[in-house]
**Student:** 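A single structure is presented below for examination.
We count residues from 1, following the sequence as given.
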Amino acid sequence: MESVELKVEMVGIHEKRLRKCLSKLKGIEKVEVDGKRQKVVVTGYAHKNKILKAVRRGGLKADFWSAQNDLLDAYTCASYASSFSFHSFNFF
């Protein structure tokens, strides 16, 4: 069994479309969707190129997940965390 990680540009309504596209493929065992990171993990016996092609055929922009995506995700999480820190200021 093989796991394929994809980066899919989607909003909330696209998850249903994504699952519908992948349900047509034989050999798919499990589909995990992380909407915040726009990451999809497909587990099964289907070839990774067929999975990518099925998602793209459904009208979604998709690519294989890369290590660069993990770095960008870590950077954006760190920058958001630091931008929301509150400081107490004394004006008088």
**Student:** Cation-pi check, K7 to F64: give yes when NZ or CZ is under 6.0 Å from the six-membered ring centre and within 45° of the ring axis, no otherwise.
**Tutor:**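 Negative - K7 is either too far from the ring of F64 or too far off its axis.
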
**Student:** In plain terms, say whether E2 and K48 are close enough for a salt bridge, that is, a side-chain N and a carboxylate O under 4.0 Å apart.
**Tutor:**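 Salt bridge flag = no for K48 with E2.
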
**Student:** How far apart are the closest heavy atoms of W65 and K39, and which atoms are they?
**Tutor:**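 Scanning both residues completely, I find the closest heavy atoms to be CZ3-CB, 3.6 Å.
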
**Student:** Once side-chain contact (heavy atoms from CB on, under 4.5 Å) is applied, do any residues pair with K30, and if so which ones, sequence neighbours excluded?
**Tutor:**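 With neighbours one apart ignored, the set is E32, T43.
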
**Student:** Does R19 have any side-chain hydrogen bond (donor to acceptor under 3.5 Å, both in side chains) partners at least two apart in sequence or in another chain, and if so, which?
**Tutor:**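 Partners of R19 by the side-chain hydrogen bond (donor to acceptor under 3.5 Å, both in side chains) criterion, ordered by chain and then number, come out as E15.
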
**Student:** Below 3.5 Å, can you tabulate the donor-acceptor pairs from side chains in residues 20-27 to any protein atom, sequence neighbours excluded?
**Tutor:**
{"unit_1": "S23", "atom_1": "OG", "unit_2": "K20", "atom_2": "O", "d": "2.7"}

**Student:** For D63, enumerate each residue passing the side-chain contact (heavy atoms from CB on, under 4.5 Å) test, keeping only those at least two apart in sequence or located in another chain.
**Tutor:**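 D63: side-chain contact (heavy atoms from CB on, under 4.5 Å) contacts with R56.
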
**Student:** Please name all residues satisfying side-chain contact (heavy atoms from CB on, under 4.5 Å) with A46, sequence neighbours left out, ordered by chain then number.
**Tutor:**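 In terms of side-chain contact (heavy atoms from CB on, under 4.5 Å), with neighbours along the sequence ignored, A46 is linked to I28, I51.
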
**Student:** Atom CG of L60 and atom CZ of R17: how far apart are they, to the nearest 0.5 Å?
**Tutor:**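 Output value for this atom pair is 5.5 Å.
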
**Student:** Would you check, one step at a time, whether the test side-chain contact (heavy atoms from CB on, under 4.5 Å) holds for V4 with V41?
**Tutor:** CA-CA 6 Å; V4 178; V41 180; over 6 Å; no

**Student:** Would you mind reporting whether L18 and V33 have side-chain heavy atoms less than 4.5 Å apart?
**Tutor:**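 Side chain of V33 against side chain of L18, heavy atoms only: contact under 4.5 Å found.
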
**Student:** Supply the atom-to-atom distance R57 CZ to L52 CG, rounded to the nearest 0.5 angstrom.
**Tutor:**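 It is 10.5 Å, given to the nearest 0.5 Å.
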
**Student:** Under the side-chain contact (heavy atoms from CB on, under 4.5 Å) rule, collect the residues that match up with K50, sequence neighbours excluded.
**Tutor:**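 For K50, the residues satisfying side-chain contact (heavy atoms from CB on, under 4.5 Å) (neighbours in sequence not counted) are H47.
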
